Amino acid sequence: MEISSASPKKKNFIYEIIDDDLQTNKWKGDVHTRFPPEPNGYLHIGHAKSIFLNYGISEDFHGKFNLRFDDTNPSKEEQEYVDSIIEDVKWLGADFEKRIFFASDYFDQMYQLAVELIKKGKAYVCDLNGDEIRSSRGTLTEPGKESPFRNRSIEENLNLFQRMRTGEFRDGEKTLRAKIDMASPNINLRDPIMYRIVHEEHQRQGKKWCIYPTYDWAHGLEDSIEKITHSICTLEFENHRPLYDWFLNELGMHHPQQIEFARLNLNYTVMSKRKLLQLVKDNYVDDWDDPRMPTISGLRRRGYTSEALKDFTESIGVAKRDAMTDISLLEFSIRNDLNKRAQRAMAVLRPLKIVITNYPEDQVEELEAVNNPEDASMGKRVLPFSREIFIEQTDFMENPPKGFHRLIPGGEVRLRYAYIIRCDEAIKNETGEVVELYCSFYPDTKSGTGTSTKKVKGTIHWVSASQAVSVEVRLYERLFTIENPASDENWLSFLNPNSVEIITGALVEPSLSKAKIGEHIQFERNGYFCVDSKYAINERLVFNRTVTLKDSWRPKK
RNA sequence: UGCCGGGUCGUCUAAUGGUAGGACAACGCCCUUUGGAGGCGUCUGCGGAGGUUCGAAUCCUCCCUCGGCAGCCA
């Protein structure tokens, strides 16, 4: 636990801004942030960065944090997304207490404020259609043309706007626009649209409305109504800030400060909701929570912990420069976390049978194994050992490269927690494939006895044949084969065909038969795994590989 | 040809006129009954050119370069 000080330590440029505001008493000591997702998809790790940033600020400065759904577009939003977002935000540990809000609950208020703007002569109803508005907006280098409806009387605007609301017009027939400056070098200020007509049922408001506010009009109002002090968003809204400020200034309302930071980009994946939706809809992945997805739900199912996600977002920092973060930083965070909390177990992914020829036929020994060498309080367990065991196929090589420390013909290796064995004979099938090993063991080399005079380079994991439990294991690789798939319009062609490998004949030690859904376990020498929540049928266990162990072994030439 | 915002090790990020540092990655070595973990070490960076200054990543000028913006999406 850290000692909280009046002025939290400087973490990034946003903390500096807030520090200054506190110094100058700009907000009378208040710090109030929010996370404002649109419920049009599942949250991803980029959202986690924003959530931890906003929630972290509220914690560090003893302020408040709101969860607010920016549900202003009924054609894209669904209740399923609202539910998943609430679950994910809670799972991340961002405590919004009772402060969960919906922009749609402010629609009446927003409507009244729009009327107010019309009365000030700062907004007008425009009859131009979409094409006409676009063509009259001008270009990046040329000013736009003023709408012929720009100078309607206040009375006419009031009347028309009211009739827009009551459903007298068809979709797209009219809009309400702010009257700002069609020649502004900032295109967002060229009489932006505040309301559009959409005859569509809203997931929370039903058929109450057929006009819906646009982001630019709505967002500042939402922040203002909730008395947000620091409205933190991503860089692409930088050009919208003058408009955010314009609306709030004209209305003379509480005026939060918008601050932009660079969104998270991770290599070898995509982060836009549109692309993630396409992966789901077109069945390139199983669902939003597919363990290969960068979604919060996907990462959770994959075995990531919220603590690791938080640690990751803190380690990458917050700044204004566009960045492409290497996935290895994320992997470091999860390994670091799981190393401390995951119980160890023996699991053989691709079994190779060994018969220990000098071990008694019917004998079963119980060997003691530590559950976590990092944490003695996690205790010990018992492993059965017998004449027939399985080891990893990759732990035996007939013609090993230099530096190979595992089993080779005539070579010796230690079986973790058990004995040192020697490989006497490799049995092959008709195609020359090694299918079984005959080995002998040295009785005085039992782990923990200290009676062994032998030294071996390698220690390998194993499971006892008769007690092992058969499970399914899913190994995941990066979803895309290139670092930045989003930069290519043929991004789907870079999907990794080997992003998941399903192994049905893996064998694990018997203690794992009691493993619970979501439990994190390290398969020694293999990686961190997590009991899957979806694929398991009946008694069958399915393990997702969260991440491999760091592997410093490189065959020398 | 417009406006806005950026450019510091391979990656991410500090330094706020005073020794360019950390983390990840990589590579060595040590240790190890997980080729895990841990320990030690090495490597590599201020986009460029001028200027101000005793002193510049930091201030000024110019250049180069990258990103965003022309939805009735957010």
Side-chain angles (χ1 to χ4, degrees), chain A residues 10-13 16 36-38 40 70 72-73 75-76 126 128-130 133-135 137-144 171-177 184-190 192-198 211-212 214-216 218-219 233-242 260 262 264 267 273-274 312 315-333 335-336 339-340 344 346 370 372-374 403-406 413-418 420 445 447-448 452 455-461 483 522-528 548-554:
Chain A
K10 232 185 328 184
K11 289 186 176 174
N12 54 58
F13 76 99
E16 289 181 38
E38 183 191 12
N40 66 343
D70 200 7
T72 57
N73 184 359
S75 58
K76 289 187 174 179
C126 183
L128 258 28
N129 65 34
I133 287 185
R134 193 174 315 120
S135 58
R137 188 155 31 221
T139 69
L140 295 175
T141 52
E142 302 157 40
D171 286 7
E173 202 175 327
K174 285 181 167 43
T175 56
L176 182 73
R177 293 226 257 167
S184 171
N186 182 342
I187 288 179
N188 295 306
L189 261 20
R190 319 241 262 230
I193 289 162
M194 296 165 59
Y195 277 96
R196 72 277 215 193
I197 298 171
V198 181
I211 57 171
Y212 290 93
T214 57
Y215 170 86
D216 283 316
H219 205 85
C233 61
T234 44
L235 252 28
E236 69 269 28
F237 294 105
E238 224 157 12
N239 298 334
H240 294 247
R241 178 157 28 91
E260 310 86 13
L264 169 67
N267 58 11
K273 280 204 235 175
R274 206 202 101 243
F312 166 70
S315 73
I316 59 172
V318 175
K320 294 201 72 160
R321 74 177 77 102
D322 279 306
M324 175 67 78
T325 299
D326 197 301
I327 191 86
S328 67
L329 272 91
L330 214 211
E331 293 180 341
F332 174 80
S333 289
R335 283 195 190 102
N336 203 28
N339 179 44
K340 284 173 241 135
R344 313 287 129 119
M346 302 276 242
V370 301
N372 188 338
E374 302 290 316
F404 185 78
H405 290 171
R406 288 107 96 166
V413 75
R414 173 170 289 284
L415 296 173
R416 176 85 157 146
Y417 296 122
I420 292 176
T445 59
S447 271
S452 174
K455 281 277 179 208
V456 289
K457 283 247 176 68
T459 299
I460 63 174
H461 60 278
E483 280 205 48
Q522 184 199 100
F523 291 174
E524 293 213 18
R525 302 209 308 131
N526 265 319
Y528 294 99
T548 60
L549 252 28
K550 189 175 154 193
D551 185 5
S552 56
W553 152 244
R554 298 278 182 285

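Order of the sequence lines sets the chain letters (A, B, ...), proteins ahead of strands, with each chain counted from 1. Keep in mind that this is a model prediction, so the values were computed, not measured.
- Nucleotides G36(B) and A26(B), compared at atom P, are 12 Å apart to the nearest Å.
- Here Thr139(A) lies in heavy-atom contact (under 4.0 Å) with a base.
- Residue Arg241(A) has no polar side-chain atom (N or O) positioned under 4.0 Å from OP1 or OP2 of G68(B).
- Here the CZ-CG distance, from Arg321(A) to Leu235(A), works out to 11.5 Å after rounding to the nearest 0.5 Å.
- Of the P atoms belonging to C73(B) and G17(B), the separation is 46 Å, rounded to the nearest Å.
- Taking the side chain of Tyr215(A) as heavy atoms from C-beta on, and the options A74(B), U13(B), C24(B), the nearest nucleotide is A74(B).
- Among C69(B), A37(B), C12(B), the nucleotide with an atom closest to any side-chain atom of Ile316(A) is C12(B).
- When the P atom is used for both C9(B) and U58(B), the distance is 15 Å, rounded to whole Å.
- Which of C72(B), U1(B), C24(B) sits closest to the side chain of Thr141(A) comes down to U1(B).
- With rounding to the nearest 0.5 angstrom, the CD1 atom of Ile193(A) is 4.5 Å from the OG1 atom of Thr175(A).
- Residue-level contact check: Gly144(A) touches neither bases nor backbone, having no heavy atom under 4.0 Å from any strand.
- With hydrogens and angles ignored, no donor-acceptor pair closer than 3.5 Å exists between the side chain of Arg321(A) and the base of G5(B).
- One C1' atom belongs to C4(B), the other to A14(B), and the distance between them is 26 Å to the nearest Å.
- Look at the C1' atom in both C30(B) and G21(B): the space between them is 26 Å, to the nearest Å.
- Nucleotide G5(B) forms a Watson-Crick or G-U wobble pair with C66(B), both donor-acceptor distances falling under 3.5 Å.
- With both pairing distances under 3.5 Å, C59(B) is matched to G51(B) as a Watson-Crick or G-U wobble pair.
- For G28(B) and C63(B), the C1' atoms lie 42 Å apart once the distance is rounded to whole Å.
- Closest approach to the Pro185(A) side chain among C73(B), G2(B), U34(B) is made by G2(B) (side chain taken as heavy atoms from C-beta onward).
- Backbone-only contact: Val318(A) has heavy atoms under 4.0 Å from sugar-phosphate atoms and none from a base.
- Look at His405(A) and the base of G35(B); the rings stack, centres closer than 5.5 Å and planes less than 30° apart.
- On a pure distance criterion of 3.5 Å, no polar donor-acceptor pair joins the side chain of Glu142(A) and the base of U1(B).
- Atoms CD (Glu236(A)) and P (G67(B)) sit 15 Å apart, rounded to a whole Å.
- Closest contact between the side chain of Asn239(A) and the listed nucleotides U1(B), G68(B), G35(B) involves G68(B).
- Under 4.0 angstrom from either OP1 or OP2 of C69(B) there lies no side-chain N or O belonging to Arg137(A).
- Contact annotation for Asn526(A): no contact, since no heavy-atom pair falls under 4.0 Å across all strands.
- Nucleic acid contact for Arg344(A): base, since at least one base atom lies under 4.0 Å from a heavy atom of the residue.
- One distance of note links OG1 of Thr325(A) with CG of Leu330(A); it measures 9.0 Å at 0.5 Å rounding.
- Judged by distance alone, with hydrogens and angles left aside, the side-chain atoms of Arg190(A) form a donor-acceptor pair with the main-chain N or O of Ser184(A) at under 3.5 Å.
- Comparing atom distances between the Asn12(A) side chain and each of A14(B), G6(B), C72(B) picks out A14(B) as nearest.
- Distances shorter than 4.0 Å separate some side-chain N or O of Thr72(A) from OP1 or OP2 on A74(B).
- With rounding to the nearest 0.5 Å, the separation of CD1 in Ile420(A) from NZ in Lys455(A) is 8.5 Å.
- Backbone-only engagement by Ser552(A) is indicated by non-hydrogen atom pairs under 4.0 Å involving sugar-phosphate atoms exclusively.
- Comparing Asn339(A) and Asn186(A) by the nucleotide of RNA chain B whose heavy atom lies nearest to each, the residue mapping closer to the 5' end is Asn186(A).
- Each of Ile197(A) and Ala319(A) has a nearest nucleotide on RNA chain B; the 5'-most of these lies closest to Ala319(A).
- Distances from the side chain of Arg525(A) to the nucleotides G67(B), G35(B), C12(B) place G35(B) closest.
- Across every strand in view, U16(B) sits unpaired, with no contact that passes the Watson-Crick or G-U test at under 3.5 angstrom.
- Using a 4.0 Å heavy-atom criterion, one finds that Phe237(A) contacts the bases of the nucleic acid, with or without backbone contacts as well.
- Base contact: Leu128(A) has a heavy atom under 4.0 Å from a base atom.
- Thr459(A) comes within contact range of the sugar-phosphate backbone alone, with a heavy-atom separation under 4.0 Å but no base atom that close.
- U61(B) and G22(B): their C1' atoms are spaced 34 Å apart (whole Å).
- In this structure U34(B) sits in no base pair that meets the Watson-Crick or G-U test at under 3.5 Å.
- The side chain of Asp322(A) lies closest to G67(B) when the candidates are C69(B), G67(B), U16(B).
- Ring pair Tyr215(A)/His240(A) is perpendicular by interplanar angle, where above 60° counts as perpendicular and below 30° as parallel.
- Using a 4.0 Å heavy-atom cutoff across all strands shown, Phe404(A) reaches at least one base atom of the nucleic acid.
- Within 4.0 Å of Ile460(A), counting heavy atoms only, lies no atom of the nucleic acid at all.
- The distance from the CD atom of Glu238(A) to the CD atom of Glu260(A) is 4.5 Å, given to the nearest 0.5 Å.
- The side chain of Arg190(A) contributes no N or O atom lying less than 4.0 Å from OP1 or OP2 of C3(B).
- At a threshold of 4.0 angstrom between heavy atoms, the contacts of Tyr417(A) include nucleobase atoms, whether or not backbone atoms are also involved.
- Counting non-hydrogen atoms under 4.0 angstrom, Leu140(A) reaches a base of the nucleic acid.
- Contact annotation for Glu374(A): base contact, defined as any heavy-atom pair under 4.0 Å involving a base atom.
- Taking atom C1' in both G38(B) and U44(B), one finds a spacing of 25 Å when rounded to whole Å.
- Nucleotide G28(B) forms a Watson-Crick or G-U wobble pair with C40(B), both donor-acceptor distances falling under 3.5 Å.
- In the set C72(B), A26(B), A74(B), A26(B) carries the atom at the smallest distance from any side-chain atom of Lys550(A).
- Within the 3.5 Å criterion, the main-chain N or O of Ala418(A) finds a donor-acceptor partner in the side chain of Arg414(A).
- The OG1 atom of Thr139(A) lies 7.0 Å from the CD1 atom of Ile187(A); values are rounded to the nearest 0.5 Å.
- Across U16(B), U11(B), U34(B), the shortest atom-to-atom separation from the side chain of Asp326(A) is found for U11(B).
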